[in-house]
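Worksheet: one structure, shown below.
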2 protein chains.
Amino acid sequence: MDDELKLKSQVCFPVYALSREIVNVYRPILDEIDITYPQYLVMMVLWENEPQQVNEIGDKLNLDNGTITPLLKRMAAKGLISRKRSSNDERVVEISLTEQGKLLQTKAAVVPQKVVEAMGITPEDLKQLKELVIKILNRAK
Amino acid sequence: MDDELKLKSQVCFPVYALSREIVNVYRPILDEIDITYPQYLVMMVLWENEPQQVNEIGDKLNLDNGTITPLLKRMAAKGLISRKRSSNDERVVEISLTEQGKLLQTKAAVVPQKVVEAMGITPEDLKQLKELVIKILNRAK
DNA sequence: CACTATTATATCGTGCACGATTTTATTTCA
DNA sequence: TGAAATAAAATCGTGCACGATATAATAGTG
């Protein structure tokens with residue numbers, strides 16, 4: 001049998017498995033502040049700068065608008081963000097943080113440390129992983 | 001602002017983004033043999049050994065049965081696999097390849113090379129990535 | 001031998017994730 | 001200026017992904 005078609009030979013499968021494992025590690029930690037991992041990513045984008053357009057957020061997270069639009073709607077329904085049509089350009093929807101969304105940042109401050117602890121990963125491996133993944137990601141896109 | 005809550009500081013986000021990018025690279029390639037990436041993973045598990053129980057496949061792919069059961073049902077509906085209750089233990093469902101499922105292996109032989117080309121990744125980075133990700137994955141679980 | 005615990009699978013509900021298409025607004029340029 | 005092109009969001013359909021729960025069969029135990 002062709003070795004390349006064996007699961008053990010795969011490089012992509014461990015990445016796919018690690019990605020899901022990461023989300024599973026985040027889940028119980030983010031449950032405490034009542035958001036999901038993709039929602040947490042959106043919040044990080046907005047804590048850094050707001051308001052932002054739907055597409056700006058999608059570009060930063062590499063999510064297309066078929067994903068980001070319903071994601072933002074769930075977040076708006078939860079009271080974390082607000083959506084307003086731009087008066088300059090009626091096509092654009094500006095996403096801003098609500099007071100509740102701003103306050104969540106304080107509660108989220110403990111998340112990074114908790115995740116590192118839960119994953120049991122060393123800072124060296126972390127750094128190496130990030131550099132390598134970003135290198136590959138940049139080439140792939 | 002707390003730097004740890006910035007997207008740029010994140011390690012997990014690049015892994016999550018790379019995982020989705022990988023699936024997106026596979027998509028057009030696997031479209032030609034009419035399967036999805038998770039279905040391709042199941043096929044690899046079965047090409048290596050069959051029949052296998054539902055849970056055996058799920059364990060190898062780290063997928064719980066809320067994911068694997070409907071996935072296998074779609075594959076059975078497509079004619080790639082067959083599902084049969086074990087006569088020894090009526091709880092167990094044995095998953096086997098159909099003739100069509102076996103034949104697909106030949107058509108899939110070109111997939112690994114095509115993916116490597118499409119990703120534009122060097123063999124050294126590939127090897128390094130795999131080792132690092134597996135190391136982290138083993139610690140996290 | 002019943003009664004409880006365990007195991008294997010299925011089901012249900014929610015939330016991504018993406019391609020394809022649609023809708024509406026703005027821009028371009030003949 | 002008005003038709004065609006482009007751009008921003010939204011919508012639709014399909015397929016994961018997972019926790020929680022349910023169902024049914026087998027195993028263990030007093």
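Computed from a predicted model, the values in this text were never measured in an experiment. In what follows, chains are A, B, ... by sequence order, proteins preceding strands, each numbered from 1.
- Ionic pairing of A:Glu117 and A:Lys114 is not present here: no N-O contact between side-chain nitrogen and carboxylate oxygen is shorter than 4.0 angstrom.
- Closest heavy-atom contact between A:Ile81 and A:Met43: CG2-SD, 4.4 Å.
- Here the side chain of B:Arg74 is nearest to one of D:dA10, C:dC16, D:dG15, namely D:dG15.
- In this structure, B:Leu71 places its CG atom 14 Å from P of C:dT9, rounding to the nearest Å.
- As rounded to whole Å, 14 Å separates atom P of D:dA17 from atom CG of A:Leu18.
- A sub-4.0 Å separation between OP1 or OP2 of C:dA17 and a side-chain N or O of A:Arg20 is absent.
- A sub-4.0 Å separation between OP1 or OP2 of C:dA17 and a side-chain N or O of B:Tyr16 is present.
- Per the geometry, CD belonging to B:Gln52 stands 15 Å off C1' belonging to C:dA8, to the nearest Å.
- Nucleic acid contact class of B:Asn88 (heavy atoms, under 4.0 Å, all strands): sugar-phosphate only.
- A pairwise comparison of heavy atoms in A:Ile95 and A:Arg83 identifies CD1-CG, 3.8 Å as the closest pair.
- Residue B:Asn55 has a polar side-chain atom (N or O) positioned under 4.0 Å from OP1 or OP2 of C:dT9.
- A:Asn65 comes within 4.0 angstrom of a base, heavy atoms only.
- Looking at which nucleotide of DNA chain D each of B:Pro38 and B:Ser87 is closest to, the 5′-most match is held by B:Pro38.
- At least one donor-acceptor pair under 3.5 Å links the side chain of B:Asp64 to the backbone N or O of B:Thr67.
- The nucleotide whose nearest atom lies closest to any side-chain atom of B:Arg85 is, among C:dA10, C:dA17, D:dC16, C:dA10.
- If you check D:dA9, C:dA25, C:dC16 against the side chain of A:Gln53, the one that comes closest is D:dA9.
- Summarising the geometry, the separation between CG on A:Asn24 and P on D:dA20 is reported as 12 Å, rounded to the nearest angstrom.
- As judged by a 4.0 angstrom heavy-atom cut-off over every strand, B:Asp64 is placed among the base-contacting residues.
- With rounding to whole Å, B:Glu94 atom CD is found 13 Å from C:dT9 atom C1'.
- One donor-acceptor pair, N or O on each side, does fall under 3.5 Å between the base of C:dT7 and the side chain of B:Arg91.
- Taking a 6.0 Å sphere around NZ of B:Lys127, one finds it holds 12 or fewer heavy atoms contributed by other residues, nucleotides or ligands.
- Proximity of A:Gln39 to the phosphate of C:dC16: a side-chain N or O atom is located under 4.0 Å from OP1 or OP2.
- Taking 4.0 angstrom as the limit, A:Lys73 places none of its side-chain polar atoms (N or O) nearer than this to OP1 or OP2 of C:dG15.
- Heavy atoms of A:Ile68 sit nowhere under 4.0 angstrom from any nucleic acid atom.
- Contact annotation: A:Thr36 side-chain N/O to C:dT14 OP1/OP2 distance is not under 4.0 Å.
- Between A:Thr67 and C:dA17 there is no side-chain polar atom (N or O) within less than 4.0 angstrom of OP1 or OP2.
- Not one side-chain nitrogen or oxygen of B:Arg27 sits closer than 4.0 Å to the OP1 or OP2 atom of C:dC18.
- Between the side chains of B:Gln100 and B:Lys78, no donor-acceptor pair of N or O atoms lies under 3.5 Å.
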